[in-house]
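Below you'll find the structure, written out as structure tokens, and then a few comments.
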Amino acid sequence: MASSADGEGGLNIHPMDQFIIKDWIPIDLGFVDLSFTNSAFFAFLAVGLVSLFLWTAMSGSSLVPSRMQSMAEGIYEFVRNMVRDSCGEAGMKYFPYIFTLFLFILACNLLGMLPYSFTVTSHFAVTVFLALSVFITVTMIGFMRHGMNFLSFFWPMDAPAVMRPVLAIIEVISYFVRPVSHSIRLGANMMAGHAVLKVFAGFVGAMGVFGVLPILAITGVTALEFLVAVIQAYVFAILTCVYLHDALHMH
Amino acid sequence: MASSATDSDAAAHGGEQAVGMPQLDFDTWASQIFWAALALVLLYQILAKKIMPRIAGALEDRHHAIAGDLDSASTLKAKAEEAQGAYQKALSDAKARAHEIAEKNRAELNVQIAEANEKAEAEIAARTAEGEERIAAIRAEATANAREVAGETAKAIVDKLAPGSADPSAISAAVERALAERGMV
């Protein structure tokens, strides 16, 4: 990859540069570096924009909603129904957490679509953190609700007795793979799309007149990326609901 | 990836050029996770404490308003149905009364017609009786006349055939017999 960065003559494409973490305010505590970076800035920008949007939408709240108000209510009801449909009434206690998670990821994904911006969710640090916090929280909920009975979640009672130990091992492995797939799915999707856009953009200069072709491709991929940004936020939230359902109801 | 130190140096100086995947530069993970967690906690506080109650309240209010409107709509509908029922009842009452009046009128007319018929029949019967009486009187007169004429004629004939032998009682008996034979008595 370093060789492709040699900009002399050949293609001058740096698809990964957009993911570089830049220290804006260095905060080095010695044992750990907590510098305020572009990633931190865009995370807080996402928080600010989400809050501003919802606050503005609901400030003139009326019986007959304005456009913004019905958008805010629509998102709220969408997530609420998602939680209720997959976790039942018992899951409604965790609706604010899932609503927060969904909006944070959605806002970060969509902010990343702005040129020169930074996609917080394209970094595995963030997605692994999000997925692990979901995993740990959900596992704790499972044990708090069912005690040691929660372990029977891994013991497939409807399978033949001989198969049960084998299946139990598979169940445990698949349970611990959850945070991995949960985080990689979001991070890789966001990273890959943005990298592809950069690669195609690099072709434009190199192809001269035919550069119009990659531009058309970029247009299509950009539209696709908007779709992916929304879908991945939804997928992350619905998988969180599914895991929560397992912890609450054990199948 | 091995050169993460030089990478972050380059980033700090603005001449950024990624070496490998910046995602796998684990030196930045602590900072990313720290600020993302802080941002998430902040967003959660804002949403759960400030914004979600407002949205829930707005939805609740609308739900109540719609339920109230539906309620009043159903009461109004019930009222309308009641009014329609009353109207229907009034209409059927009026029809019944009209029918009743018509029936009464018809019965009265029938009575009048029957009376008139009776009167006319009585008159006809009276006149018939009167006519029959007169016919009977005329017939009786005619019979009497015939008896007298027949008696006198018979007496004159008997006087002519055998003068002085006329027996008035025998003649009248014969006349009576002849009249009876002809059915005139």
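Chain naming here is simple, since letters A, B, ... match the order of the sequence lines and numbering starts at 1 in each.
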Handout entry: Pair B/Leu38-A/Phe44, side-chain contact (heavy atoms from CB on, under 4.5 Å): steps then yes or no
Key = CA-CA 9 Å; B/Leu38 213 60; A/Phe44 280 104; 4.0 Å; yes
Exercise for the section: Enter the distance from A/Ser51:OG to B/Leu43:CG here, rounded to the nearest 0.5 Å. Expected result: 5.5 Å
Handout entry: Minimum side-chain heavy-atom gap B/Trp29-A/His123 below 4.5 Å
Key = no
Practice task
With rounding to the nearest 0.5 Å, note down the distance linking CG in A/Leu54 to CD1 in B/Ile46.
Solution key: 10.0 Å
Practice task
Determine yes or no for a side-chain-to-main-chain donor-acceptor pair under 3.5 angstrom, with B/Gln23 supplying the side chain and A/Ala125 the backbone.
Solution key: no
Practice task
With rounding to the nearest 0.5 Å, note down the distance linking CD in A/Gln69 to CZ in B/Arg62.
Solution key: 5.5 Å
Fill in the blank from the handout: Given B/Gly57, B/Ala65, B/Ser31, the one with more heavy-atom pairs under 4.5 angstrom with chain A than any other is B/Ser31
Handout entry: Parallel, tilted or perpendicular: ring planes of B/Trp35 versus A/Phe36, cut at 30 and 60 degrees
Key = perpendicular
Practice task
Look at atom CD of B/Glu103 and say whether more than 12 heavy atoms of other residues, nucleotides or ligands are closer to it than 6.0 Å.
Solution key: yes
Problem - Over 12 foreign heavy atoms within 6.0 Å of OH, A/Tyr97 - result: no
Exercise for the section: Find the one option among A/Trp24, A/Phe19, A/Phe42 whose heavy-atom pairs under 4.5 Å with chain B are most numerous. Expected result: A/Phe19
Practice task
May I ask you to test the B/Leu40-A/Phe129 pair for a side-chain heavy-atom distance under 4.5 Å?
Solution key: yes
Handout entry: A/Leu103 side, atom CG; B/Ile51 side, atom CD1 - distance, nearest 0.5 Å
Key = 9.0 Å
Completion exercise
When every non-hydrogen atom of B/Ala56 is compared with those of A/Tyr76, the smallest separation belongs to CB-OH, 3.4 Å
Exercise for the section: Below 4.5 Å from any heavy atom of chain B, which atoms of A/Ser133 appear? Answer side chain, backbone, both or neither. Expected result: neither
Handout entry: Interface residue of largest heavy-atom contact number with chain B, from A/Pro96, A/Ser59, A/Ala72, A/Cys108, under 4.5 Å
Key = A/Pro96
Fill in the blank from the handout: A/Phe104 and B/Ala36 have their tightest heavy-atom pair at CZ-O, 4.4 Å
Handout entry: Distance, nearest 0.5 Å, that separates CD of A/Glu77 from CD1 of B/Ile55
Key = 9.5 Å
Exercise for the section: Identify which part of A/Pro65 has an atom lying under 4.5 Å from any heavy atom of chain B, answering side chain, backbone, both or neither. Expected result: both
Practice task
State, with a plain yes or no, whether a side-chain heavy atom of A/Trp55 is found less than 4.5 Å away from one of B/Arg54.
Solution key: yes
Practice task
Return yes when atom CE of A/Met140 has more than 12 non-hydrogen atoms of other residues, nucleotides or ligands closer than 6.0 Å, and no otherwise.
Solution key: no
Practice task
Would you give the length of the straight line joining atom CG of B/Asp27 to atom CD1 of A/Ile21, rounded to the nearest 0.5 angstrom?
Solution key: 11.5 Å
Problem - N/O donor-acceptor pair under 3.5 Å between A/Ser39 side chain and B/Gln32 backbone - result: no
Exercise for the section: Give a yes or no on this: more than 12 heavy atoms of other residues, nucleotides or ligands lie within 6.0 Å of atom CD of B/Gln84. Expected result: no
